[in-house]
Amino acid sequence: MIEDKEWSARKANFGVTTSPLPPDPKLAVTVAISPRTLFDMVAENKIYANQGVEQYIAYQVEHEDEILNPGHSFPFVKALMTVNSRLRELYPDSEELFDIVLMTNSHAEVAVRLIRSINHYNLTIERFCMTGGQSPIGYLKAYDTNLYLSKDPEKVTEAVEVGIAAATMYSPDYETEFSETQLRVAFDGDAMIFSDESEIIMKQSGMEMFFEHEKKNEDILLAQGPLKGFLDVLGKLQRKFCTKDERVACPIRTFLITARSAATSGVRVIKTLKSWGLEIDEAFFAAGAPKEPLLKKIKPHILFDDQMFNIQAGKTFGTTTSANASGHYSKSGATGWRLGLQPQMFSQKP
């Protein structure tokens, strides 16, 4: 493709470097994150909120030689880098990699501290978007963004409104040790991987009507939810490892943790996943039981869930959790159900 040749030529102009160069944005899985999710910037954010932008900039410039401490999304980003490293070993010329973009409404004056911190931790983050006080949301499509992660629920809402997959990140209550060799991603079922059709029935009509509905419709596939596309992406990358006989050592592992009961409402879930050609590495039907013990054992780098009590459970065990600002879902016309993350945004790039 002409675009591929152009991208290769542009990368050649970067010169000789010991760091891996970013993949072609048209082929990569682009994750845009805010600096506050990557680094611990609580003190800096207080200055911004209480003293204003000028004092914030002055503080960052004055402390630009001080390395920022890792934030709550740091292990998740490191895990993405691990997957990239393994993929490059097996497929040296492949551009199907994770591409991390740092996206912020900060001014360029604060970039020095961010760059030095990124280089200090050997993170491959080459692309920045710094909008000088303006919302960065308008640039998400220009960066071919698949997923936008932020601590600011208002920005997440903005992203969703313009059709970009986005989720609000919640900090864990304490630090925990995560796998350094495997990206571990946990998903809720209804309203996340699957549509919220069944969940609405349960909330409006109760459990008995929910069970009756699922039994009656167990041969009718569930509609896709907002995270089905992201699961597609992870599955596609997993298959690249399986092709090289690396299934056991695959650096990606996925988990389904659903409140459904396997006996009364699990058939439809299994049939739907099978019809999609998707494999979940580990599936847990909690039948309404608390998810905390499972999360403590799994230790996912990130948990995607639409219920705030599950978000809190993940935080309690040190997991970075992700949902929209309110923890509720809403109908969005032709774009389907949304909960921070839009289903269509993880379709394959041209």
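Just so you know, these numbers come straight off a predicted model, no measurement behind them. Heavy-atom basis, side chains included; hydrogens, waters and symmetry copies ignored.
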Any donor-acceptor N/O pair, [X] side chain to [Y] backbone, under 3.5 Å:
| X | Y | answer |
| --- | --- | --- |
| Asp281 | Phe255 | no |
| Tyr143 | Phe128 | yes |
| Asn146 | Thr30 | yes |
| Arg86 | Phe241 | no |
| Thr258 | Gly189 | no |
| Ser117 | Leu68 | yes |
| Glu218 | Ser265 | no |

Using a strict cut-off of less than 4.0 Å between a Lys/Arg side-chain nitrogen and an Asp/Glu carboxylate oxygen, indicate whether [X] and [Y] qualify as a salt bridge.
| X | Y | answer |
| --- | --- | --- |
| Asp232 | Lys236 | no |
| Glu282 | Lys297 | no |
| Glu212 | Lys216 | no |

Practice item. Give the ring-plane orientation class for Phe187 versus Phe304, where under 30° counts as parallel, over 60° as perpendicular and anything between as tilted. Key: parallel

In terms of heavy-atom contacts, does [atom1] of [X] have more than 12 from other residues, nucleotides or ligands at under 6.0 Å?
| X | atom1 | value |
| --- | --- | --- |
| Tyr121 | OH | yes |
| Asp65 | CG | yes |
| Arg88 | CZ | yes |

Which heavy-atom pair separates [X] from [Y] by the least distance, and what is that distance?
| X | Y | answer |
| --- | --- | --- |
| Ala32 | Thr145 | CB-CG2, 3.9 Å |
| Asp188 | Asp190 | OD2-O, 3.5 Å |
| Ser73 | Met169 | OG-CE, 3.5 Å |
| Glu177 | Lys299 | O-CD, 3.5 Å |
| Arg113 | Glu66 | NE-O, 3.0 Å |
| Lys26 | Asp144 | NZ-OD1, 3.3 Å |

What is the distance from atom [atom1] of [X] to atom [atom2] of [Y], rounded to the nearest 0.5 Å?
| X | Y | atom1 | atom2 | result |
| --- | --- | --- | --- | --- |
| Ser94 | Lys240 | OG | NZ | 4.0 Å |
| His301 | Ser179 | NE2 | OG | 5.5 Å |
| Asp219 | Lys271 | CG | NZ | 3.5 Å |
| Glu161 | Thr157 | CD | OG1 | 7.0 Å |
| Arg268 | Asn217 | CZ | CG | 5.0 Å |
| Ile280 | Leu256 | CD1 | CG | 5.5 Å |

Hey, any chance [X] and [Y] share a hydrophobic cluster, counting ILVMFWY side chains that come within less than 4.5 Å of each other, even indirectly?
| X | Y | answer |
| --- | --- | --- |
| Val53 | Val61 | yes |
| Phe211 | Ile270 | no |
| Met103 | Val112 | no |
| Ile118 | Ile67 | yes |
| Ile193 | Val267 | no |

Point to revise | Polar side chain donor-acceptor pair, Thr264 to Glu214, under 3.5 angstrom | key: no

Practice item. State, without any angle test, whether His107 and Gln60 hold a side-chain donor-acceptor pair at a distance under 3.5 Å. Key: no

Review point. Looking at Phe284, does the NZ or CZ of Lys291 lie under 6.0 angstrom from its six-membered ring centre and within 45 degrees of the ring axis?
Key: no

Exercise for review: Evaluate side chain to side chain contact (heavy atoms under 4.5 Å, CB included) for Glu279 paired with Gln238, printing each intermediate quantity in order.
Suggested key: CA-CA 10 Å; Glu279 293 184 16; Gln238 283 179 310; 5.8 Å; no

Between [Y] and [X], is there a side-chain heavy-atom distance shorter than 4.5 Å?
| X | Y | answer |
| --- | --- | --- |
| Ser106 | Tyr56 | yes |
| Asp152 | Arg36 | yes |
| Met130 | Leu114 | yes |
| Arg253 | Ile298 | no |

Exercise for review: Please assess Thr104 against Thr131 for the test side chain to side chain contact (heavy atoms under 4.5 Å, CB included), listing each intermediate value before the final yes or no.
Suggested key: CA-CA 7 Å; Thr104 174; Thr131 59; over 6 Å; no

Check your understanding: For Met192 and Asp305, what are the C-alpha separation, side-chain angles and deciding distance, and is it a side chain to side chain contact (heavy atoms under 4.5 Å, CB included)?
Key -> CA-CA 7 Å; Met192 300 304 281; Asp305 203 298; 5.5 Å; no

Review point. Could you walk me through whether Lys244 and Glu89 pass the salt bridge (charged side-chain N to carboxylate O under 4.0 Å, His left out) check?
Key: CA-CA 11 Å; Lys244 296 288 188 177; Glu89 291 175 4; over 6 Å; no

Revision key, fill the gap. Residues passing the side-chain hydrogen bond (donor to acceptor under 3.5 Å, both in side chains) test with Glu64, sequence neighbours excluded, are none

Exercise for review: Would you please test His63 and Glu44 for side chain to side chain contact (heavy atoms under 4.5 Å, CB included) and show each step?
Suggested key: CA-CA 11 Å; His63 294 82; Glu44 290 79 0; over 6 Å; no

